[in-house]
Amino acid sequence: KGDSGLSEVNLLKSKVSALEGQLKALQANFAKYQKVATFPGGRTVGNKVFKTNGYEGNFEDLKQKCVQAGGQLATPRNAAENDAVQKVAALYNKSAFLGITDLKTKGTFKYLNDQPITYSNWLQGEPNNNQGNENCVEIFTNGKWNDRACGEKRLLLCEF
Ligand code: GMH
Ligand code: CA
């Protein structure tokens, strides 16, 4: 068993070494695709990618397009994520709809998973439910939020 134990160790060493090489190549290729994903209309925060394709539509249209692409509407959950979303909106000089509404619970804004929001960046005086018809949330190019009618057309901004 002595010899076969040694050769097993050597076999494992060569396998670990091969995996290290493959991991290094994968990391380099991953770094390249991060650049591809964020040029020019994307930003990353941790493992989250925010991205637009320049399309504009109403809330339901945008929501569906993000899901169809394998993501969901951008949902900034902290200041760093809000900054990333703001930068993409500013790049296109357009407001975007977020993945937040009070459609089911008027007056209480929730994520698309029905959980109440734990971060917000409302403009002073918002949300004001203007004309009793504002159940969606737009983010302005300065990063501030405003409740807005879901039928308005805004920039598509998804997260992945
Ligand atoms: C009203 C006023 C404005 C405000 C808009 C906005 C619409 O027209 O209170 O000052 O900017 O509503 O909230 O979504
Ligand atoms: Ca409003």
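Here, residue 1 is the first one in the sequence, and each next residue gets the next number. Order of appearance sets the numbers: ligands from 1, and atoms from 1 within every ligand.
The Asp147 neighbourhood of ligand 1 comprises atoms 14 (O), with distances under 4.0 Å to a heavy atom of that residue. Against a heavy-atom cut-off of under 4.0 Å, Arg148 is close to the following atoms of ligand 1: 14 (O).
A continuous path of ILVMFWY side-chain contacts below 4.5 Å connects Leu112 to Phe97, so both sit in one hydrophobic cluster. If you chain together hydrophobic residues whose side chains sit under 4.5 Å apart, Tyr119 and Leu157 fall into the same group.
The nearest protein heavy atom to atom 12 (O) of ligand 1 is closer than 4.0 Å.
The cationic group of Arg148 does not satisfy the cation-pi geometry with Phe59, failing either the under 6.0 Å distance to the six-membered ring centre or the 45° limit from the ring axis.
Computed with the Ca ion (ligand 2) at the centre, the Asp147 O to Glu126 OE1 angle is 130°, stated to 10 degrees. Rounded to the nearest 10 degrees, the angle OE1 (Glu134) to the Ca ion (ligand 2) to OD1 (Asn146) equals 150°.
The nearest heavy-atom contact from the protein to atom 3 (C) of ligand 1 is Asn128 ND2, 4.7 Å. For atom 8 (O) of ligand 1, the closest non-hydrogen atom on the protein side is Asn130 ND2, 3.6 Å. Nearest protein heavy-atom contact of atom 4 (C) of ligand 1 is Glu126 OE2, 3.8 Å. Of the protein's heavy atoms, Glu134 OE2, 3.2 Å lies nearest to atom 7 (C) of ligand 1.
Partner of Ile139 under the side-chain contact (heavy atoms from CB on, under 4.5 Å) criterion, chosen from Leu98, Leu123, Asn121: Leu98.
For residue Asn128, an N/O/S atom approaches the Ca ion (ligand 2) to within less than 3.0 Å.
No hydrogens or angles considered: nothing links the side chains of Lys153 and Asn58 as a donor-acceptor pair under 3.5 Å.
Salt-bridge formation is detected for the pair Asp61/Lys65: a Lys NZ or Arg NE/NH1/NH2 atom is positioned less than 4.0 Å from an Asp or Glu carboxylate oxygen.
No donor-acceptor pair closer than 3.5 Å links the side chain of Thr105 to the backbone N or O of Asp102.
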